[in-house]
Each structure stands twice: as C-alpha cells, then as structure tokens.
Amino acid sequence: MRGGNEAVSYVIERDKGGVYVLPKALVSVASNRLDIDRSAYPLKLRLDRERDPSSIEVMDRSNAPSYTFVRRNLR
C-alpha cells in the first residue's frame with residue numbers, strides 16, 4: 001500500500017464483517033491528504049466488496065467524512 005512516497009506493508013484477513021486490509025501502521029486522512037502514522041495502532045480498512053474490490057474506505061482524523069480511495073490500474 002502506498003501513500004505518496006511512503007509504502008506500508010499489510011495483510012488481508014477475514015472476520016464476520018468480511019474481508020479487510022490490516023496495514024502495519026495507522027492509515028488515515030488528515031487535512032485532505034493520506035496520513036501514515038507508524039506510532040499509532042492500525043485500524044482495519046474495509047473493501048467495497050469481497051470479490052474484485054475496486055475501492056477502500058479510510059477514516060478522516062479531523063472528524064470530516066471518510067475518504068474513499070478507488071483502484072487505479074498501473075501498467
């Protein structure tokens with residue numbers, strides 16, 4: 001998972017709520033930009049759907065609505 005010039009490793013897990021991504025750091029949005037905080041406890045990032053997901057929702061740390069990142073095919 002990349003945020004600007006930073007990369008964060010992650011695992012994909014499943015619980016009763018479905019499939020989620022668990023990064024090794026807290027990934028959030030702050031002041032309209034992606035924020036990676038390696039000193040904070042990471043949160044689950046839910047995918048829009050289990051099969052062939054196309055977006056992931058990230059919470060906003062400034063009490064604004066969450067931000068949805070949409071898949072971009074890189075080739």
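Keep in mind it's a predicted model, so treat the numbers as computed, not measured.
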Could you pull out the closest heavy-atom pair between D48 and P53, with the gap in Å? OD1-CA, 3.4 Å
Salt bridge check, E50 against R14: does any charged N sit closer than 4.0 Å to a carboxylate O? yes
On a heavy-atom basis, which atom in V19 and which in I12 lie closest, and how many Å separate them? CG1-CG2, 3.6 Å
Heavy atoms of E13 and V11 approach each other most closely as OE2-CG2, 3.8 Å
Between K24 and V8, what is the shortest heavy-atom contact and its length? N-CG1, 3.7 Å
With side chains defined as the heavy atoms from C-beta onward, is the minimum distance between S28 and D37 less than 4.5 Å? no
What's the spacing between L45 CG and L22 CG if we round to 0.5 Å? 8.0 Å
Closest heavy-atom contact between K44 and D15? NZ-OD2, 2.7 Å
Note: A25 and R38 closest approach over all heavy atoms is CB-CA, 3.8 Å
In one Ile/Leu/Val/Met/Phe/Trp/Tyr side-chain cluster, 4.5 Å: Y20, V29: no
